[in-house]
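Okay, structure first, notes after.
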There are 2 protein chains.
Amino acid sequence: MLFASAKVLRIAERDLVEREGFPIAWLDVLAQLYDAPDNGLRMQELEERSLFTRSGLTRLVDRIEAAGLVRREPVPGDRRGVRVVLTPEGRRRHDHAFVEHMRVIEREFGGRLTPAEQQAVADALSSFWHGDLESPATSG
Amino acid sequence: MLFASAKVLRIAERDLVEREGFPIAWLDVLAQLYDAPDNGLRMQELEERSLFTRSGLTRLVDRIEAAGLVRREPVPGDRRGVRVVLTPEGRRRHDHAFVEHMRVIEREFGGRLTPAEQQAVADALSSFWHGDLESPATSG
DNA sequence: TGTCAATAGATGACATAGCAGTGAGTGTTG
DNA sequence: CAACACTCACTGCTATGTCATCTATTGACA
C-alpha cells in the first residue's frame, strides 16, 4: 500500500508541478478550502483535514498566499484565529488543476487495477479512514 | 489510500522512533539488506528496491552507517561501486525492530479492517506494484 | 593506446516538514 | 478587575529529501 501510494503520488506530483506549477500539497489545501463553507477554513480546521502539523501548515499557507491563491483574514470574534480563504484566482487554479489531477490518478489506477479491485480498495480504506480516526485501535 | 497510509505510517514511525531510536526509512533499508544475498546490496540496487532517489540514499546510508548498522565496502571488479552490508549489530536491530513494527501494523489494520478487506487491498495493490512498475500506463 | 559517452556514487544548494518554544488572546475563577 | 490555564497561530532550529552537478571509473571504438 505504501509503495503503491508513493508511486502514484510521485507521478501525480511531477505532473502537477509541470502543468500547474505547484505541488500536491497546495492542491490538497485548495481542495479543502473549495469544499468548505464560503471557501474558507481556520488553520486549525485545515490541520484536522490535512496530513500536516500546524507549524507545517503555517508555512505551506505562507507560500500559497504569496502566490495569491489564498488569503488570510481575521476571524470575527476571535482575534487569535486566522481564516484562510480561497481567492478567485485560487479557485480558478484549483478547478483547472483538479481536473487534470483526477485524470492522472484515474489513468494510473484505471490502467492497472480492475474496477472491482478499485472498489475493494476504496471501500476498505475509506471505512478505515472514516471509521474511528481519532480513537486508534490501540488499547493503551 | 493516501490518507490511510499516511496515518498508519505516522503511527508506525513514532512507535519505531520511540522503541528503537530510528525511523522507518532505516528499517526499510535494513530489511532490504536483510532479504538480500549475503545481507548486502549496491547503492543502485537499494535505490530500485526503495522509495528514495540515489542522492537521498547516499545520505540515508551515511546516517545508518554512522550508527554502525551497516557498512560500506568496495565491490570487487568495479571500483565505482559500493556495496552496503548489514553489520551484526544492524542485523540484531533489524530483527528486534521488525517484530515490533509488524505488530503495530497488524494492530492498526487488524483492528480496523476485516480479514477480507485486508486481503482485497493486499491483492489489488500488490499486483499493482508488481505489475509493470517501469512502464507506466501512460501512452506518452 | 587515446578519446568519449555512460555509469556509480557523492556533494552543494535548496525546499520543506516537524518539534519545541513564543506571544497574543480568551474565558474562568475569585 | 487580577490571576491563571488554555487555545491559536507563528517562529527558530534542525532533520531529511530532491535536483543539478561533480568526480572517478568503465567500456566501446577508432
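A note on names: the letters A, B, ... follow the listed sequences, proteins ahead of strands, and every chain is numbered from 1. FYI, side chains are in, hydrogens and waters are out, and symmetry mates aren't considered; it's all heavy atoms of this structure.
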Point to revise | Option passing side-chain contact (heavy atoms from CB on, under 4.5 Å) with A:Thr114 (candidates A:Gln118, A:Arg112, A:Glu117) | key: A:Glu117
Point to revise | Sugar-phosphate, base or nothing in reach of A:Arg83, heavy atoms under 4.0 Å | key: nothing
Point to revise | Positional range of nucleotides in DNA chain D within the contact set of chain B, heavy-atom, under 4.0 Å | key: D:dT16 to D:dT26
Practice item. List the atom of B:Ala12, the atom of B:Ile105, and the distance in Å for their closest heavy-atom pair. Key: CB-CD1, 4.2 Å
**Study point:** Contact summary for A:Leu41 and A:Arg49, nearest pair of heavy atoms
**Key:** CD1-CD, 3.7 Å
Review point. Do the charged groups of A:Arg72 and A:Asp62 touch, with an N to O distance under 4.0 Å?
Key: yes
Check your understanding: Roughly how many Å is it from CZ in A:Arg79 to C1' in C:dG27, rounded to a whole number?
Key -> 13 Å
**Study point:** ILVMFWY cluster, B:Met102 and A:Leu2 together (side-chain gap under 4.5 Å)
**Key:** yes
**Study point:** Residue whose closest nucleotide on DNA chain D lies nearer the 5' end, A:Gln44 versus A:Arg10
**Key:** A:Gln44
Review point. Is B:Arg14 touching bases, backbone alone, or none of the nucleic acid, heavy atoms closer than 4.0 Å?
Key: sugar-phosphate
Review point. When the distance from CE of B:Met43 to P of C:dT11 is rounded to whole Å, what number comes out?
Key: 11 Å
Review point. Applying the side-chain contact (heavy atoms from CB on, under 4.5 Å) test to B:Arg71, which of B:Val85, B:Val61, B:Val84 qualifies?
Key: B:Val85
Exercise for review: Could you tell me how the ring of B:His101 sits relative to the ring of B:Phe98: parallel (under 30°), tilted (30 to 60°) or perpendicular (over 60°)?
Suggested key: tilted
Revision key, fill the gap. Per the under-4.0 Å heavy-atom filter, residues of residues 50-78 of chain A near DNA chain C come out as A:Leu51, A:Phe52, A:Thr53, A:Ser55, A:Gly56, A:Arg59, A:Arg63, A:Asp78
Check your understanding: Is there a donor-acceptor pair closer than 3.5 Å between any side-chain N or O of A:Arg10 and the backbone N or O of B:Leu51?
Key -> yes
